[in-house]
Amino acid sequence: FEIQSAWAISNTEVSKDVTNYHTVLLQTDEDIYFTFATSSSDSISTSNDLYLMGGDSVYSVRIPNGLGKDVYIQWERKGSSDATVRYVLA
């Protein structure tokens, strides 16, 4: 269980290595797209990837098994305003 520093999510995809974790608990103040990938250089697909709604909700997202040796969570803002994401890796 590790509390991480909040991230500013802009219109450029950002990624975090989550290989050694099982779950991401997160709260975002604006809507964000997210996906999991095997490389930090993979891209978000705004037409296909899921998004989380900003607000007071805390989301629990399970990190998928079987993607490969390395697993990254990737985020990108959905709207025109940057998002701040607070998150905990467990």
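Listed by first then second residue, pairs satisfying salt bridge (charged side-chain N to carboxylate O under 4.0 Å, His left out) with a partner in residues 69-86 read Arg77-Asp82, not counting sequence neighbours. Every pair tested for salt bridge (charged side-chain N to carboxylate O under 4.0 Å, His left out) that includes a residue from residues 31-41 fails, sequence neighbours excluded, so the list is empty. Note on residues 32-51: no pairs pass ring pair (Phe, Tyr, Trp, His ring centres under 6.0 Å), not counting sequence neighbours.
Remark: Thr19 engages Asp17 in a side-chain hydrogen bond (donor to acceptor under 3.5 Å, both in side chains) (not counting sequence neighbours). Residues forming a side-chain contact (heavy atoms from CB on, under 4.5 Å) with Ser45 (at least two apart in sequence, or on another chain): Ser47, Asn48, Asp49. Annotation: side-chain hydrogen bond (donor to acceptor under 3.5 Å, both in side chains) contacts of Asp42 (sequence neighbours excluded): none. The side-chain hydrogen bond (donor to acceptor under 3.5 Å, both in side chains) check on Thr38 picks up nothing, with sequence neighbours excluded.
Between Pro64 and Val71, the shortest heavy-atom contact is O-CG2, 4.4 Å.
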Cut-off 3.5 Å, no hydrogens considered: what does the side-chain donor-acceptor table look like for residues 20-28, sequence neighbours left out?
| residue | atom | partner | partner atom | Å |
| --- | --- | --- | --- | --- |
| Tyr21 | OH | Glu2 | OE1 | 2.9 |
| Tyr21 | OH | Glu2 | OE2 | 3.1 |
| Gln27 | NE2 | Asp56 | O | 3.1 |
| Thr28 | OG1 | Glu30 | N | 3.4 |
| Thr28 | OG1 | Glu30 | O | 2.6 |

Acceptor/donor pairs from residues 6-15 side chains to any protein atom, 3.5 angstrom cut, sequence neighbours excluded:
| residue | atom | partner | partner atom | Å |
| --- | --- | --- | --- | --- |
| Trp7 | NE1 | Tyr87 | OH | 3.3 |
| Ser10 | OG | Thr12 | N | 3.3 |
| Glu13 | OE2 | Gln74 | NE2 | 3.1 |

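A continuous path of ILVMFWY side-chain contacts below 4.5 Å connects Val18 to Val85, so both sit in one hydrophobic cluster. Under a hydrophobic clustering in which Ile, Leu, Val, Met, Phe, Trp and Tyr are joined whenever their side-chain heavy atoms come within less than 4.5 Å, directly or via other members, Leu89 and Ile32 fall into the same cluster.
With side-chain heavy atoms closer than 4.5 Å counting as contact, directly or through intermediates, Val58 stands alone and belongs to no larger hydrophobic cluster.
Contact of the Leu50 side chain with the Leu52 side chain is not registered, since no non-hydrogen atoms from C-beta on lie closer than 4.5 Å.
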Chi angles and distances behind the side-chain contact (heavy atoms from CB on, under 4.5 Å) call for Ile73, Ile63: CA-CA 8 Å; Ile73 189 168; Ile63 298 168; over 6 Å; no
